[in-house]
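Everything on this sheet refers to the single structure shown next.
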Amino acid sequence: MAEKNFYVTTPIFYPNANLHLGHAYVTTLTDVIARYHRLVGDTTYFLTGSDENTQKILSAAADAGVTPQQFLDDKVEGFENLFKQLNISYDQFIRTSDEKVHWPGAVALWKKLDAAGDLYKKQYEGLYCVGHEAFITEKDLVDGACPDHGTAPERIQEENYFFKLSKYTQTIKTKIESGELCIIPESRRHEILSLLAEGLQDVSFSRPRTPMSVGIPVPGDTTQVMYVWCDALSNYITALGYGQDETLYKTFWPANVHIIGKDILRFHAAMWPAMLLSAGEPLPKSILVHAMILSGGRKMSKTLGNIIDPQELLQEYGTDAVRYFLARHISPFEDGDITREHFKDAYNADLANGLGNLVARIMQLAQTHLSAPVELEYKPFPKEYTDAFERFEINKAADHVWGRIQALDQKITEMAPFKVVKEDEEKGRGIIIELVVELACIDQMLEPIMPQTSKKIIDAIMTNKKPENLFPRKE
RNA sequence: AGCGGGGUGGAGCAGUAGUAGCUCGUCAGGCUCAUAACCUGAAGGUCGCGGGUGCAAUUCCCGCCCCCGCAACCA
């Protein structure tokens, strides 16, 4: 628990649609981890942002009848709005369309790859599916047409820059095996190692620039724009001023952890490390691959109609209840499940009957029988709690806290201060003070998960007043 | 097809070679400080199916069945 610098990132999100519960999850997970590190005294930097240099924005904007810039600004405002409602404490929100913050760093990184001799031009011929806005392979075709769009792809020939990804296969493999680059959990580590065992192919790293192109121009070649993943991945360092004012970069890079979803593992655990190796920069220390949230055992989709909108939950239950559910009832590593019914049950059992009721019982006793606020003494966090956080198992950390809540409820019943105080006032007060002290300890551990609630509870303790009903029971 | 994850009391999940645990729900009792809350106890499972190895398998091995994900606006 030595104080140190801690840099944590979320993926950057596509602004072509509104954010859903999955985005809310990864961001909340990251926020809980960031808040924990601040709490234990680490100098913490938390980055999130949006991935805006994508061709799809153009058509989405056209459909919406606005300019691409308006469209982006609008979506990003929506992102920031959701993050505000979730009480996300990010230090920076990076937009890859930002030509001042992001572009110079991405260009600097490109130049490093080029200087290392890892970029080369190659004639590329492939089947381009207009629907995908991407190249697809021969074997994807069904009766000569793209199975998803039902149209025949165009055979396109173009000259692109290629990145020598293959060159770094072995180095990356070694670093992952040695734990120098830690992939969490184990199952994902195996997955990426088996991918590396097959060997990495060099990848196209640019596209020809057209009048309608979106993206960062390749330095020294105005006919090309950077491949979107090359552009996007570099956000983790451009946000720290890489290639410009590198004060933050020097302080915080390498990142302690990139938090990502399993669908983008190969970009983060293969392509990104290769880029950094090529540029001679250190690799991130770990990559945390979280699982997906299912609804009723199925992936959320419009067709199934099982989508749960984070806004809906936020409105009905409030910020901290949503944060609590995501942190405790969704495992970071196994697919989790959420239904409205399940959410309500957890809310009533753990927040209304559990935490909320406990605070009410103790503070009622304190307010009635103590003449002044209790003087608090804080103990160091228990190992079970800190270990869970070091392993990024925030659900286990929360389990520990709720175990303490249950134990405190038992203690009240056993010691019966409400009864004792009638016979021996001093003794009764002593018990109540003990209870308040323990509540304050619990409250402190609650902070990363439920910052607003934690504040309300400590305020109640400091003023020796029973607070308003924290979590009214829902029927 | 291939790859990956999973099938444990009503629901959601842990878990281990040797009396199967947790949370929610249900039922009974207790308490009265508290949000009809809290505490104690109980009922409820042949741990997907078939075979193998072992003194012993839910746990290891083999085969099979079923569900889900990876390709679709989607972490």
Side-chain angles (χ1 to χ4, degrees), chain A residues 10-14 16-30 56 59-60 63 129 131-132 134 136-137 139-140 142 146-149 187-188 190-191 194-195 259-265 289-294 296-303 307 328-331 333-339 341-342 344-369 395-396 399 402-403 405-422 428 431-432 435 466 468-475:
Chain A
T10 69
I12 50 176
F13 306 108
Y14 289 109
N16 55 345
N18 291 328
L19 297 184
H20 54 67
L21 197 62
H23 300 105
Y25 176 67
V26 62
T27 313
T28 302
L29 170 65
T30 309
K56 282 185 184 166
S59 51
D63 289 350
C129 171
H132 271 96
I136 57 178
T137 63
K139 64 173 186 195
D140 292 331
V142 175
C146 168
D148 299 327
H149 299 93
S187 54
R188 299 296 163 204
H190 288 153
E191 192 177 315
S194 72
L195 194 90
I259 298 180
I260 62 166
K262 60 187 177 183
D263 51 336
I264 51 177
L265 173 62
V289 189
H290 70 79
M292 299 284 153
I293 301 180
L294 309 178
R298 307 288 295 271
K299 190 166 179 176
M300 288 186 212
S301 78
K302 284 184 181 166
T303 340
I307 288 194
R328 177 143 187 246
H329 290 281
I330 302 293
S331 156
F333 308 132
E334 303 283 337
D335 284 352
D337 198 89
I338 183 171
T339 58
E341 196 61 24
H342 184 197
K344 193 179 86 180
D345 286 349
Y347 173 89
N348 280 333
D350 306 330
L351 298 181
N353 300 349
L355 179 61
N357 184 56
L358 178 70
V359 171
R361 325 175 61 175
I362 294 179
M363 290 317 297
Q364 177 67 25
L365 287 166
Q367 180 181 300
T368 311
H369 299 289
N395 56 334
K396 296 282 168 59
D399 282 347
W402 260 262
I405 287 172
Q406 190 181 25
L408 196 51
D409 265 326
Q410 282 167 6
K411 187 169 176 178
I412 297 173
T413 304
E414 280 161 24
M415 302 188 93
F418 42 87
K419 201 181 282 177
V420 173
V421 84
K422 289 174 191 157
I431 296 169
I432 293 167
L435 298 177
K466 178 181 173 184
E468 52 167 310
N469 192 337
L470 294 174
F471 300 102
R473 200 181 155 81
K474 303 268 184 188
E475 291 314 321

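Computed from a prediction, not measured in an experiment: that's the story for all the values here. The chains referred to below are lettered A, B, ... by the order of the sequence lines, with proteins before strands, and numbering in each begins at 1.
Contacts of A:Lys466 classified as side chain to side chain contact (heavy atoms under 4.5 Å, CB included), with partners at least two apart in sequence or in another chain: A:Ala360, A:Met363, A:Gln364, A:Gln367. Judged as a side chain to side chain donor-acceptor pair (under 3.5 Å), and not counting sequence neighbours, the contacts of A:Asp350 are A:Tyr324, A:His329. In this structure A:His23 satisfies the ring-ring contact (aromatic ring centres under 6.0 Å, His included) test together with A:Phe13, A:His20, sequence neighbours excluded. Residues that satisfy the side chain to side chain donor-acceptor pair (under 3.5 Å) test with A:Thr10, not counting sequence neighbours, are A:Thr48. Under the salt bridge (charged side-chain N to carboxylate O under 4.0 Å, His left out) criterion, A:Glu475 pairs with A:Arg473, not counting sequence neighbours.
When heavy atoms are screened at a 4.0 angstrom cut-off, A:His290 is found touching base atoms of the nucleic acid. A:Lys411 comes within 4.0 angstrom of no nucleic acid atom, judged by non-hydrogen atoms across all strands. Within 4.0 Å (heavy atoms only), A:Ile264 reaches sugar-phosphate atoms of the nucleic acid but no base atom.
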Show me the donor-acceptor pairs, under 3.5 Å and distance only, between side chains in residues 411-418 of chain A and residues at least two apart or in other chains.
{"residue": "A:Lys411", "atom": "NZ", "partner": "A:Glu434", "partner atom": "OE1", "Å": "3.0"}
{"residue": "A:Thr413", "atom": "OG1", "partner": "A:Asp409", "partner atom": "O", "Å": "3.2"}

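Stems are defined here as 3 or more consecutive Watson-Crick or G-U wobble pairs with pairing distances under 3.5 Å; those involving RNA chain B are B:2-7 with B:65-70, B:10-13 with B:21-24, B:26-30 with B:38-42, B:48-52 with B:60-64.
Map A:Ile412 and A:Asp345 each onto its nearest nucleotide of RNA chain B; the residue landing nearer the 5' end is A:Asp345.
Between A:Leu355 atom CG and B:rA34 atom P there is a gap of 17 Å when expressed in whole angstrom units. Straight-line distance from the CG atom of A:Asn395 to the C1' atom of B:rC22: 13 Å, rounded to whole Å. Going from atom CG of A:Asp399 over to atom P of B:rG15 covers 12 Å, rounded to whole Å. Protein atom CG of A:Asp350 is 7 Å distant from nucleotide atom P of B:rC24, rounded to whole Å.
By the 4.5 Å heavy-atom criterion applied to side chains, A:Val421 and A:Leu365 are not counted as neighbours.
A close approach under 4.0 Å does not occur between any side-chain nitrogen or oxygen of A:Lys474 and OP1 or OP2 of B:rU35. Considering only side-chain N and O atoms, A:Lys466 lies under 4.0 angstrom from the phosphate OP1 or OP2 of B:rU35.
Here the closest heavy-atom approach between residue A:Pro11 and residue A:Val26 is recorded as CD-CG2, 3.8 Å.
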Quick one, give me the B/S/- string for nucleotides 6-14 of chain B, reading 5' to 3', where B means a protein heavy atom under 4.0 Å from the base and S means that only happens at the primed atoms, P, OP1 or OP2. --------S

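Closest contact between the side chain of A:Lys419 and the listed nucleotides B:rU35, B:rC31, B:rC33 involves B:rC31. Here B:rA34 is the nucleotide among B:rA34, B:rU35, B:rA75 with the atom lying nearest to any side-chain atom of A:Gln364.
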I'd like a list of close polar pairs between nucleotides 38-45 of chain B and the protein, N/O only, cut-off under 3.5 Å.
{"residue": "B:rC38", "atom": "O2'", "partner": "A:Arg361", "partner atom": "NH1", "Å": "2.7"}
{"residue": "B:rC39", "atom": "O4'", "partner": "A:Thr413", "partner atom": "OG1", "Å": "3.3"}
{"residue": "B:rU40", "atom": "OP1", "partner": "A:Gln410", "partner atom": "NE2", "Å": "3.2"}

